[in-house]
Q: 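Following this message is one structure expressed as structure tokens.
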Amino acid sequence: MRRKAILFFGFALAMCSLGAQVNTDRVLTVGRNALYFEDYVLSIQYFNQVIRSKPWMAEPYFYRAVAKLSLDDFKGAEEDCSLCIERNPFYTQAYYARGIARQSMGMYEEAIGDYERGLELRPGDRPMMANKAIAYLQDKDYDEAETAFGEFISAYPRLSLGYLTRGAMYLEKGDTALALVDLNRAIEIDPYYAPCYGNRAILLYRMGRMNDALADLNEAVRLNTRESGYYINRGLVRYEMNDLRGAMADYDQVVAMDSRNLIARFNRGLLRFQVGDNNRAIEDFDVVIEQEPDNYMAYYNRALLHMEVGEFAGAIRDFDIVLAQYPNFVPGYFSRSEARRKLNDHAGADRDYWTALGLEEGQGDSSHAASPGSGQQDETEEDKTRRQSDRNIDKFNRLVVYDEDEEQRRKYDSEIRGRVQDRNVRVDLELSFVLTYYEKGERFSASVYYDKSLETFNARRALAWKLLITNQEAALTEEQIAMHFASIDDYSAKIEREPTNADCYFGRALDFMLVQDFAEAIRNFDRVIELAPSYTQAYFNRAVVRYKQMEYSRSQSASSYEDLNAMSIQFGNNQPLPPAVTPGMEARNAQDEYGHEQIVMDYSTAIRQNPEFIYSYFNRGNIRCIQRDFRAAVADYNEAILRDPDFAEAYFNRGLARLSMGDADRGIADLSKAGELGILNAYSIIKRMTAN
């Protein structure tokens, strides 16, 4: 089956070539399309074709490395970057990407060497300067890290990032005074960046300033309602302040957002144990153990809970697992002894009891098993918690703290992935909708996307798969990629037999769209419209693909590898910000304007043919926002909301459009409604707009 898939893939690429040889420029472009839209597996297959055809080219190795980085294949990314550099030793981005790959594998010295070489080629490059400093920090070379952070801050004194990360370094060194100075400075520079408050809260917690830590975590949650780590740490602070109800509410919130969050489940299990909610505590530890079969602290806590509810056989099974891993864990033998005695296994109970006494005598003073959360009176605040990576079984009853430092470091690793977005300055519109076969499993909005005309279309069974409407497109798996290349072949054969069958062209257009070949997709949509001018779905999806093609083209004209994100709008002081002027922008703007008008014409045609299809209004409103025609955008969102009063995304985007027009009151009201309907990010924007 795998060989068959490869054959299909090769044949489909041949269909796209201009001759017998692979058209490498075209295939490379399609691969970069797939990479830009985060379809990494597909992009790798395209880059493979280019490399096989022209192995001396440096570019496809670099882009394949970027895709592998995004899939956490760090070794493969390192090798591809090296191959790129062999072919072009002045390819700056390859040093940056290889540095990230090596840094992710713990090869800090080599990563630093890559960043230094990259900085020779591109002095003052912000991402490389930042990652170099982080690499020194990860390597525990604090003196060099401090020097590197100093250079970074000197180069970018108005960027909170440098102070935030140097503060994390000082915190790791134990210098709380300097850490606090840097974190305070980060907040002064960027008072709307949640990680500044999240990091300072950890510091304040360690300093015992619980009220201040709680205030910072409250602010972090307001600014970023989707970050589970802030709720986890706020629950920890509330627990230390004896607010068990508040701590439980925070862990409940995390589990509601992500039912498989291990830290929230573990901590909530401990709290439920403490308040006597034993059966539900067992359920939490069940989830932890299912995902982490080697989490022996969860086994031990579950064993104690089984004891509490009288499930002694289950308790013994869990004790067995723990003691097999920790044969010198004294409390485990005492607890298992008690469980065996409850089951009248007196010989086994005595054996465990005497084993525990013998170990206790050899180890000195030790404590018997305690209930979770009980602790010791002489514990420090930090002694009551543990990091998730800490596997010391003696800390079985300690709450787990979310590691904000590690989360911050992961942020740098993602900068090469091509979707860099400064969310403190830019506010993203909810994405446009598309007719497709797949969508991501998670959805932040509570909306259910339905349209009667789409249901009627699917009932005709014109396509091999059922169409759906979504703005959360999913990247294809390797099997799906092969399936759609095969489908292209099938539709091509059908078109040879039925050259006027519009459905076949539409199906093939969808396949090309899914494999990120936008030019071929548009050509096929064009043919559908020629054959059937009333084919509404073709106008709608042609507009979507045209915009994708424009977005990708704009990203390639950016001056660095931090791409432009055209689906963002900016506002400050309730006024839109003017775009920066760069060489060649006038010509590009004229080209973009023509492209936008083509897209608007397609959506307008779709609306004339089916006025009840709300997604055409919504998508046209998004294009109007990008054109900065906010009044027209609001009119489109109005039409969508008129037809569906629960259209959360339309409220959200209308709110942003109104804010950009200076209509703060109605803009905030729209965002409030969007939040009510399930778009949680609306609340952080409201907070930012109403501050001061």
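Fair warning: this is a prediction, and the values are worked out from it, not measured in the lab. Below, all heavy atoms of this structure are taken into account, side chains as well, without hydrogens, waters or symmetry copies.
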Q: Determine whether the aromatic ring centres of F37 and F518 lie less than 6.0 Å apart.
A: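 Aromatic pair counts; centres sit under 6.0 Å.
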Q: Between Q627 and R624, do the side chains contain an N or O donor and an N or O acceptor separated by less than 3.5 Å?
A: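 Their side chains do contain a donor-acceptor pair, which is all the 3.5 Å distance test asks for.
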Q: Do F540 and Y615 have their ring centres less than 6.0 Å from each other?
A: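 No, too far apart.
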Q: Apply the test side-chain hydrogen bond (donor to acceptor under 3.5 Å, both in side chains) to residues Y115 and Q103: give CA-CA distance (whole Å), side-chain angles for both, the deciding distance (0.1 Å), then the verdict.
A: CA-CA 10 Å; Y115 296 138; Q103 193 171 351; 2.6 Å; yes
Q: Does NZ or CZ of K68 come closer than 6.0 Å to the centre of the six-membered ring of Y40, within 45° of the ring's axis?
A: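 No, K68 does not lie over the aromatic ring of Y40.
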Q: Strictly under 6.0 Å, is that where the ring centroids of H484 and Y491 end up?
A: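 Centroid distance H484-Y491: not below 6.0 Å, so no.
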Q: Using a 6.0 Å cut-off, check whether atom CE of M601 has over 12 heavy atoms from anything other than its own residue.
A: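 Counting neighbours around CE of M601, 12 or fewer heavy atoms of other residues, nucleotides or ligands fall under 6.0 Å, so no.
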Q: Are there over 12 heavy-atom neighbours, none belonging to E109, within less than 6.0 Å of that residue's CD?
A: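 No, the 6.0 Å shell around CD holds no more than 12 heavy atoms from other groups.
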Q: Looking just at side-chain N and O atoms, do D517 and N33 make a donor-acceptor pair shorter than 3.5 Å?
A: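 Per modelled atom types, D517 and N33 side chains form no pair under 3.5 Å.
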Q: Indicate, with yes or no, if the rings of Y603 and Y539 have centres closer together than 6.0 Å.
A: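 No; Y539 has its ring centre 6.0 Å or more from that of Y603.
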Q: Take a 6.0 Å sphere around CZ of R461 and say whether it holds more than 12 heavy atoms from other residues, nucleotides or ligands.
A: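 Not buried by this count: 12 neighbours or fewer within 6.0 Å.
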Q: Which one of R64, R98, R102 satisfies the salt bridge (charged side-chain N to carboxylate O under 4.0 Å, His left out) criterion with E78?
A: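 The passing option is R102.
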Q: Would you tell me whether Y46 and Q516 have side-chain atoms, one donor and one acceptor, within less than 3.5 Å of each other?
A: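 No, no side-chain donor-acceptor contact under 3.5 Å.
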Q: When rounded to the nearest 0.5 angstrom, what is the spacing between CZ in F506 and CD in Q537?
A: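 Reported value, rounded in 0.5 Å steps: 5.5 Å.
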